[in-house]
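Report on one structure; see the data block that follows.
The model shown is predicted, which means the values in this text are computed figures rather than measured ones. Throughout, protein chains are lettered first and strands after them, A, B, ... in sequence-line order, and every chain is numbered starting at 1.
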There are 4 protein chains.
Amino acid sequence: MSKDARSDARNKVRDAAIALFAQKGVKATTIKDIARAAGVSEGALYRHWASKEDLAAALFAAEYTALSHSLREAAGTGSAAERLRRVIAWAFGLVEAAPDRARFLLLSQHDALPLVPALMKDGLETPVDVVCAIVGEGIAEGSIVDADREALAHTVIGAIVLNIQSHVYGRQTAPLGTLADTVADALLRGLSTGKET
Amino acid sequence: MSKDARSDARNKVRDAAIALFAQKGVKATTIKDIARAAGVSEGALYRHWASKEDLAAALFAAEYTALSHSLREAAGTGSAAERLRRVIAWAFGLVEAAPDRARFLLLSQHDALPLVPALMKDGLETPVDVVCAIVGEGIAEGSIVDADREALAHTVIGAIVLNIQSHVYGRQTAPLGTLADTVADALLRGLSTGKET
Amino acid sequence: MSKDARSDARNKVRDAAIALFAQKGVKATTIKDIARAAGVSEGALYRHWASKEDLAAALFAAEYTALSHSLREAAGTGSAAERLRRVIAWAFGLVEAAPDRARFLLLSQHDALPLVPALMKDGLETPVDVVCAIVGEGIAEGSIVDADREALAHTVIGAIVLNIQSHVYGRQTAPLGTLADTVADALLRGLSTGKET
Amino acid sequence: MSKDARSDARNKVRDAAIALFAQKGVKATTIKDIARAAGVSEGALYRHWASKEDLAAALFAAEYTALSHSLREAAGTGSAAERLRRVIAWAFGLVEAAPDRARFLLLSQHDALPLVPALMKDGLETPVDVVCAIVGEGIAEGSIVDADREALAHTVIGAIVLNIQSHVYGRQTAPLGTLADTVADALLRGLSTGKET
DNA sequence: TATGAATGAGCCTTCATTCAT
DNA sequence: CATGAATGAAGGCTCATTCAT
């Protein structure tokens, strides 16, 4: 019970913080904001995280690696093209399933990306790694054009990210489901060799 | 004379602010930082801008629309594919020619993008508009696949932005010149119909 | 049994608190510090003392009156001069025998001395009283010069306290044993009338 | 004028801080207290000192070295005994002339003494040094008994300090002027060899 | 009875903005 | 006009104390 209560506090703070960070950014969100939104005291925060920075970093790291796992899972098996298509679809789906998490990842990038190298030293996998791996395998099996793996991967990721952004910022009003296919079609046409695997 | 002096102060502040915003973000940059770096007094800032927020917004708007002009100019004439290739190359070149401006645009997006709709009401053109226009024309002329214009445009922009980001954050170490071609090849293969115009 | 257990907790807290107060001062020592060092919970402290202030005051009062008893005992019997010499020697010895208690008394003076008048109303004897009494008896018996009793007593006490301080703060490096004699010689030469009692 | 205003602010803060530190100690005095008492804003403090700690340390260092100069001056010339007598008289006089400064030096010792070694590295002279020097010269000229110079000096200083303390805390009610002579008589009788210089 | 998580007032410090000079 | 000292609201964080378990 006390264990649950503790988990509750952590989770309430987690959720409140992600929502606020997603709406206003880390710097513009105050400890008071988070505490009030989570329904806990300000001091309670410091039992679980050492500072606001630490909270933001921990949250970003958790979401970032969770995203990696989800993407890898969503990719499933099959040809690189099929897997990339599923990655794209899943990513677009995330925006509707968990808009706060998506916005948080988008908005906090520049605050938190500097800490990503530290993640990698811990052997953790980033979403970028996941896409890179798929692209790399596609190149190896000959189904994806033989070019700089990172460049192709970032091309895919950029297409995803910017389309999501344009949706989130309200410029793009078409349904995300359709977008996913349009983007995937264009990208995969560009990346594929056309050879069967 | 006094006009020139004022312009000088404005420009010194402009450059100093862009550099600092690019390095630390808007929130983390103080008026004192900017004033010191620009070699002017803190009060002097308020003669030209109403607040730090206003300075950041004005700077972003200026850079954002300047980028639009540059992209349009860089695009030149010819087929949509040729113009997009030039846009990509020019964007990658910006990072090396003016890294502070590039970083500033990248980092300040989320602080400043909410004000972009206001820009558009003023009839100003954004870089996104430029790419959209080119894509739209490509669709019209049949050289680019007939799909959601915004989606294709953001696919191109995302590829540019994320590849630049991966370079700026040190993940991508290949020279930007090569990157530009790799990315352009992949994208244009994906977007083109293959028909001559 | 439960009484013993309680005493144990009390004593553990007492010792831990004195050590910490001696090292960092009362204000800089937290309840958490004390609880951790004593191996008890934070709440447990409030079973024995009403507040941190109360703990510090009670500890100081206890040490202060314990010091009085020790000094009186150490003084033994004989001429005032002999007794003062023994008091000086004993005080210097305390620093080596129980450095934490000595430092605590030194450091907490100014936090706790305001409460000393309260002690005296309770009829408790302070170390100052002990030295005053000896000096007073010396004056009465003619072995100590006839001057303001308090002034002479504080002269003795000051000599003791400052020499200990200079040792504790590392300025004085000579062994405390030698110091005791040097100081006692000088003081007693100054206080004595030279008449046999 | 602006120079005077600035000096005023500094001095107002200085005086207010010394008074408050003297009454409640450094830790118990808040920035708000000082600002209010000095009639300046809280932020103004940070233009002149980096932190409250820094303020306290700077103030202590200034008073401590000022005290050194005053003591050296007050000592004047003549035999070591005469000079020590004047030092004692002057120190007792300080309590009446500037009670806040005296109390501040007394109360802040333990907060600030750890920084004294740093002072000495800067070649600054402490009050202890002044008394040590006089005692040392007395030993050299044969007018003061040949014993540990530091021990004798701290005996003198202790007599001064503790007598002042007993006055400040209200235990000693005799007039300080008389005290000075009583203490000086006793001390000098104890330190002197009796030989003419 | 013991525990230690939770509370929240209050602290030090920062910094955008103002305004007397 | 320019300056930069002064302002003071607001932020992150600490910690003595309480109380549910």
Side-chain angles (χ1 to χ4, degrees), chain A residues 1-3 5-6 8-10 13 27-36 38-55, chain B residues 2 5-6 9 26-36 39-55, chain C residues 2 5-6 9 26-36 39-56, chain D residues 1-6 8-10 13 27-36 38-55:
Chain A
M1 230 185 310
S2 83
K3 210 171 159 188
R6 181 159 52 173
D8 277 357
R10 270 189 80 99
V13 170
K27 276 264 165 60
T29 301
T30 69
I31 291 285
K32 251 190 180 71
D33 287 338
I34 301 170
R36 191 168 10 238
V40 303
S41 70
E42 297 169 48
L45 262 160
Y46 292 87
R47 183 163 299 282
H48 300 294
W49 295 277
S51 65
K52 193 180 74 164
E53 285 295 295
D54 184 53
L55 168 62
Chain B
S2 81
R6 182 161 52 175
V26 173
K27 274 265 162 55
T29 301
T30 68
I31 291 282
K32 211 183 206 82
D33 286 338
I34 300 169
R36 190 164 16 233
V40 304
S41 72
E42 297 166 52
L45 270 164
Y46 290 86
R47 191 156 304 285
H48 300 294
W49 294 277
S51 67
K52 192 179 78 163
E53 288 298 299
D54 182 55
L55 167 61
Chain C
S2 82
R6 181 160 53 175
V26 172
K27 272 267 163 51
T29 300
T30 69
I31 291 282
K32 210 183 207 82
D33 285 339
I34 300 169
R36 192 168 11 238
V40 303
S41 73
E42 297 165 52
L45 270 164
Y46 290 85
R47 191 157 304 286
H48 300 294
W49 294 277
S51 68
K52 192 178 80 163
E53 287 299 299
D54 182 55
L55 167 62
Chain D
M1 232 186 306
S2 83
K3 211 170 160 188
D4 289 357
R6 180 160 52 175
D8 277 359
R10 270 189 81 98
V13 170
K27 276 265 164 58
T29 301
T30 70
I31 291 285
K32 244 188 183 72
D33 287 339
I34 300 170
R36 193 171 4 241
V40 303
S41 70
E42 298 170 46
L45 262 160
Y46 291 86
R47 183 163 299 281
H48 300 293
W49 295 278
S51 66
K52 193 180 75 165
E53 285 295 296
D54 184 54
L55 168 61

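By the side-chain contact (heavy atoms from CB on, under 4.5 Å) test, A:Ala28 is found to be paired with A:Lys24, B:Lys27, residues two or more places apart in sequence or in another chain being considered.
For the helix from E:dA2-F:dT21 to E:dT21-F:dA2, the rotation axes defined at the first and last 5 base pairs enclose an angle of 0°, given to the nearest 10°.
Spacing between atom NZ of C:Lys32 and atom C1' of E:dA6 amounts to 11 Å, rounded to whole angstrom units. Between B:Asp33 atom CG and F:dG4 atom C1' the separation is 15 Å, expressed in whole Å. Taking atom CG of residue C:Leu55 and atom C1' of nucleotide F:dC15, one finds them 15 Å apart after rounding to whole Å. Rounded to an integer number of Å, the gap from CZ of B:Arg36 to P of E:dC15 is 11 Å. The distance between atom NZ of C:Lys27 and atom P of E:dC12, rounded to the nearest whole Å, is 11 Å. At whole-Å resolution of the value, OH in B:Tyr46 and P in F:dG4 are 15 Å apart. In this entry the distance linking CH2 of D:Trp49 with P of F:dA5 reads 14 Å, nearest Å.
To the nearest 0.5 angstrom, B:Ser51 atom OG is 10.5 Å from B:Leu45 atom CG.
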Could you list, one pair per line, each protein nitrogen or oxygen that sits under 3.5 Å from a nitrogen or oxygen of nucleotides 7-9 of chain E, together with the distance?
unit_1: E:dT7; atom_1: OP2; unit_2: A:Ser41; atom_2: N; d: 2.8
unit_1: E:dT7; atom_1: OP2; unit_2: A:Ser41; atom_2: OG; d: 2.8

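Nearest heavy atom pair, residue B:Lys52 against residue B:Val26, reads NZ-O, 3.1 Å. Of all heavy-atom pairs between A:Ala50 and A:Asp54, the closest is N-OD2, 3.0 Å. When every heavy atom of B:Ala9 is checked against every heavy atom of B:His48, the shortest pair comes out as CB-NE2, 4.3 Å.
Donor-acceptor pairing under 3.5 Å is recorded for the side chains of D:Asp33 and D:Thr30.
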> Could you go step by step and tell me if B:Ile34 and B:Leu55 meet the side chain to side chain contact (heavy atoms under 4.5 Å, CB included) rule?
Replying inline: CA-CA 11 Å; B:Ile34 300 169; B:Leu55 167 61; 3.9 Å; yes
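Phosphate contact (OP1/OP2 of F:dA6, side-chain N/O of D:His48, threshold under 4.0 Å): present. For F:dA16, one of the phosphate oxygens OP1 or OP2 lies less than 4.0 angstrom from a side-chain nitrogen or oxygen of C:Lys52.
Among the atoms of the strands shown, base atoms are found under 4.0 Å from some heavy atom of D:Ile31.
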